[in-house]
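Structure first, commentary second.
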Amino acid sequence: QVQLVESGGGLVQAGDSLRLSCAASGLTFSNWAMGWFRQAPGKEREFVAAINWSGDDTNYADSAKGRFTISRDNAKNTVYLQMNSLKPEDTAVYYCAAGSRFTIRTMAYHYWGQGTQVTVSS
C-alpha cells in the first residue's frame, strides 16, 4: 500500500519560511518523479514544483521560482519543499504526489498525500 505523508505546514507571517516534507512508503521511491501541488479554497489544484527520480532536474511554477526549492533524499524516501519569502497568496493545502513521469500535469501523478495546510498571514 502506497502512502505519502506530508508534514511541516503551519501558520506563519508574510516573509517567513517553511519546509514541507513528504515521506513515502510502499513504493520504490527512487523510481518515481515527485511533485508538490497546492489548492486554495475555491480554486483548482495547481502545480508548484516537480523533481525527477534522481533529483538532478526540477521544474517550478512561475509563482514558485526564486522562492521555493524542491529536493529529495532517496535514501530517506522523502521529498522536501523549502518555501522562503512566503506571501498571503501562498495560503493553501499543499499536497505531494508521485508520478511515473517528470511533468507538471496533475493528471500524470498516480499517488497523492493527504495534504498539509499552509497559512500565511499579512
By side-chain contact (heavy atoms from CB on, under 4.5 Å), Arg45 pairs with (sequence neighbours left out) Phe37, Gln39, Tyr95, Trp112
Exercise: identify the closest heavy-atom pair between [X] and [Y]:
| X | Y | answer |
| --- | --- | --- |
| Ala24 | Phe29 | CB-CD1, 3.6 Å |
| Ser21 | Thr78 | CB-CG2, 4.3 Å |
| Ala92 | Ala40 | CB-N, 3.8 Å |
| Tyr60 | Thr69 | OH-CA, 3.3 Å |
| Gln82 | Ser17 | NE2-CB, 3.9 Å |
| Val48 | Tyr94 | CG2-CE2, 4.4 Å |

Answer yes or no: is there a donor N or O on one side and an acceptor on the other, between the side chain of Asn52 and the main chain of Asp57, under 3.5 Å? yes
Could you work out, with salt bridge (charged side-chain N to carboxylate O under 4.0 Å, His left out) as the rule, every residue matching [X], not counting sequence neighbours?
| X | value |
| --- | --- |
| Asp56 | none |
| Lys43 | none |
| Glu46 | Arg38 |
| Arg67 | Asp90 |

Under a single-linkage definition using a 4.5 Å side-chain heavy-atom cutoff for Ile, Leu, Val, Met, Phe, Trp and Tyr, are Leu18 and Ile51 assigned to the same hydrophobic cluster? yes
Does the ring centre of Tyr111 sit less than 6.0 Å away from the ring centre of Trp32? yes
Test Met34 against Arg72 for side chain to side chain contact (heavy atoms under 4.5 Å, CB included), laying out the working first. CA-CA 8 Å; Met34 298 297 296; Arg72 67 190 296 161; 3.7 Å; yes
Interatomic spacing from [atom1] in [X] to [atom2] in [Y] - rounded to 0.5 Å:
| X | Y | atom1 | atom2 | value |
| --- | --- | --- | --- | --- |
| Met83 | Ile70 | CE | CD1 | 11.5 Å |
| Leu27 | Asn77 | CG | CG | 7.0 Å |
| Trp53 | Thr28 | CH2 | OG1 | 12.5 Å |
| Ser122 | Lys87 | OG | NZ | 14.0 Å |

Ignoring hydrogens and angles, write down the donor-acceptor pairs under 3.5 Å from the side chains of residues 2-9, residues two or more places apart or on other chains.
residue	atom	partner	partner atom	Å
Glu6	OE1	Gln114	N	3.0
Glu6	OE1	Gln114	NE2	3.4
Glu6	OE1	Gly115	N	2.9
Glu6	OE2	Cys96	N	2.9
Glu6	OE2	Gly115	N	3.3

Quick one: does [X]'s side chain get under 4.5 Å of [Y]'s, heavy atoms only?
| X | Y | result |
| --- | --- | --- |
| Asp16 | Val120 | no |
| Phe102 | Asn59 | yes |
| Trp36 | Val79 | yes |

Taking Val118 as the fixed residue, which of Leu81, Val93, Leu20 is the one that meets the side chain to side chain contact (heavy atoms under 4.5 Å, CB included) rule? Leu20
Hydrogens and angles aside, do Thr91 and Glu89 bring a side-chain donor and acceptor to less than 3.5 Å of each other? no
